Amino acid sequence: MNTEEKIIKRLRNSAMSYLARYEVSEFQFKNTMKRKLSYFENNLNELEKDKLINQIKSEMVSSCFIDDNRYAETKIRSIRRQGGSQRLIFAKLNEKGISKDVIQSALNIVDEGYENPEIIAAVNFIKKKK
């Protein structure tokens, strides 16, 4: 087993451990794996590191361990329960690297069936502040 295979194995194990604990976006996953890879002793250049990280990321996405749609829906539900507005949702998820199309799609799914979800969120926010 050469050093690159060892690094891939360690990175894959680290990724599995991380994803077992957290639901993350692809953007967050990539940043975390970059940080973890920097802890490993390696002499890889940036292009090789990106290639390894993208390989691990594509494995995790194809195995459905990472799903931006699922992540967005989960975060939106959480933010709505706390009384967050649509504007706050877009800001927070955009920060996490989620595209506007995915956010809008998830928002439509989560808010489906509610006449005015913004008012419900505002009422939740007010109740929380009392």
Side-chain angles (χ1 to χ4, degrees):
M1 188 181 283
N2 66 19
T3 57
E4 188 172 318
E5 290 172 350
K6 287 180 184 177
I7 291 171
I8 290 173
K9 186 175 179 181
R10 283 185 66 193
L11 197 60
R12 188 176 291 121
N13 288 340
S14 181
M16 293 297 287
S17 174
Y18 176 62
L19 292 173
R21 288 177 280 150
Y22 304 105
E23 178 76 33
V24 296
S25 68
E26 289 182 35
F27 177 77
Q28 288 175 291
F29 179 78
K30 192 170 184 176
N31 287 339
T32 301
M33 290 300 108
K34 279 182 184 177
R35 190 183 74 245
K36 289 183 183 257
L37 187 57
S38 70
Y39 298 150
F40 299 166
E41 298 235 354
N42 62 60
N43 53 356
L44 302 172
N45 63 34
E46 289 302 313
L47 191 62
E48 291 170 326
K49 288 179 182 180
D50 279 343
K51 182 181 154 218
L52 290 177
I53 291 169
N54 286 333
Q55 177 185 342
I56 300 293
K57 184 181 83 166
S58 65
E59 288 175 17
M60 298 300 141
V61 168
S62 66
S63 300
C64 294
F65 293 131
I66 301 173
D67 183 0
D68 279 355
N69 292 316
R70 182 179 65 221
Y71 175 77
E73 286 179 31
T74 304
K75 278 305 223 186
I76 289 171
R77 282 190 181 91
S78 174
I79 293 169
R80 280 293 197 208
R81 272 194 307 274
Q82 296 170 14
S85 67
Q86 183 173 338
R87 191 172 180 182
L88 177 71
I89 289 168
F90 270 92
K92 285 196 178 261
L93 292 180
N94 203 19
E95 219 174 71
K96 304 294 184 182
I98 306 294
S99 73
K100 292 189 186 309
D101 296 336
V102 171
I103 298 170
Q104 189 60 55
S105 170
L107 199 55
N108 292 340
I109 291 169
V110 170
D111 289 346
E112 187 178 347
Y114 294 106
E115 191 172 316
N116 196 338
E118 288 291 305
I119 290 177
I120 295 170
V123 168
N124 288 340
F125 182 77
I126 291 168
K127 284 180 182 177
K128 201 171 87 172
K129 291 296 177 183
K130 278 187 172 183

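All of these numbers come straight from a predicted model, not from anything done at the bench.
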- Message: With a 6.0 Å cut-off (strictly less than), is the heavy-atom count around NZ of Lys92, excluding the residue itself, greater than 12?
- Response: no

- Message: Are Leu11 and Val24 linked, directly or through intermediate hydrophobic residues, by side-chain heavy-atom contacts shorter than 4.5 Å (ILVMFWY only)?
- Response: yes

- Task: Check the side chains of Asn108 and Gln104 for a donor-acceptor pair under 3.5 angstrom, ignoring hydrogens and angles.
- Result: yes

- What heavy-atom pair brings Asp68 and Glu26 nearest, and what distance separates the two atoms? OD1-N, 2.9 Å

- Item | Min side-chain heavy-atom separation Leu93-Val102 under 4.5 Å | no

- Note on the structure: CD (Glu5) and CD1 (Ile8) are apart, to the nearest 0.5 Å, by 7.0 Å

- Message: I'd like to know if the side chain of Ser17 and the backbone of Asn13 have a donor-acceptor N/O pair within less than 3.5 Å.
- Response: no

- Task: Could you note down all residue pairs passing ring pair (Phe, Tyr, Trp, His ring centres under 6.0 Å) where residues 48-94 supplies at least one of them, sequence neighbours left out?
- Result: none

- Item | From Lys49 atom NZ to Met33 atom CE, the distance as rounded to the nearest 0.5 Å | 14.0 Å

- For the pair Ser25 (side chain) and Gly97 (backbone), establish whether a donor and an acceptor sit closer than 3.5 Å, ignoring hydrogens and angles. no

- Message: Looking at every non-hydrogen atom in both residues, tell me the closest pair between Ala72 and Ile98 and how far apart they are.
- Response: CB-CG2, 4.4 Å

- Looking only at atom types and distance, does a side-chain atom of Ser38 sit under 3.5 Å from a main-chain N or O of Arg35, one as donor and one as acceptor? yes

- Message: Please list all pairs meeting ring pair (Phe, Tyr, Trp, His ring centres under 6.0 Å) that have one or both residues in residues 3-39, counting only residues at least two apart or in different chains.
- Response: Tyr18-Tyr22

- Message: Contact between Arg77 and Glu73 at the side-chain level, heavy atoms closer than 4.5 Å - yes or no?
- Response: yes

- Between Ile89 and Ile79 the two heavy atoms that sit nearest each other are CG1-CG2, 3.5 Å

Side-chain polar contacts of residues 51-64 - donor-acceptor pairs under 3.5 angstrom, sequence neighbours left out - could you list them?
residue	atom	partner	partner atom	Å
Asn54	OD1	Lys30	NZ	3.3
Asn54	ND2	Asp50	O	3.2
Ser58	OG	Asn54	O	3.2
Ser58	OG	Gln55	O	2.8
Glu59	OE1	Arg12	NE	2.8
Glu59	OE1	Arg12	NH2	3.3
Glu59	OE2	Arg12	NH2	2.9
Ser62	OG	Ser58	O	3.1
Ser62	OG	Glu59	O	3.0
Ser63	OG	Glu59	O	2.9

- Item | Ile103 CD1 to Asn69 CG distance, which is reported to the nearest 0.5 Å | 11.0 Å

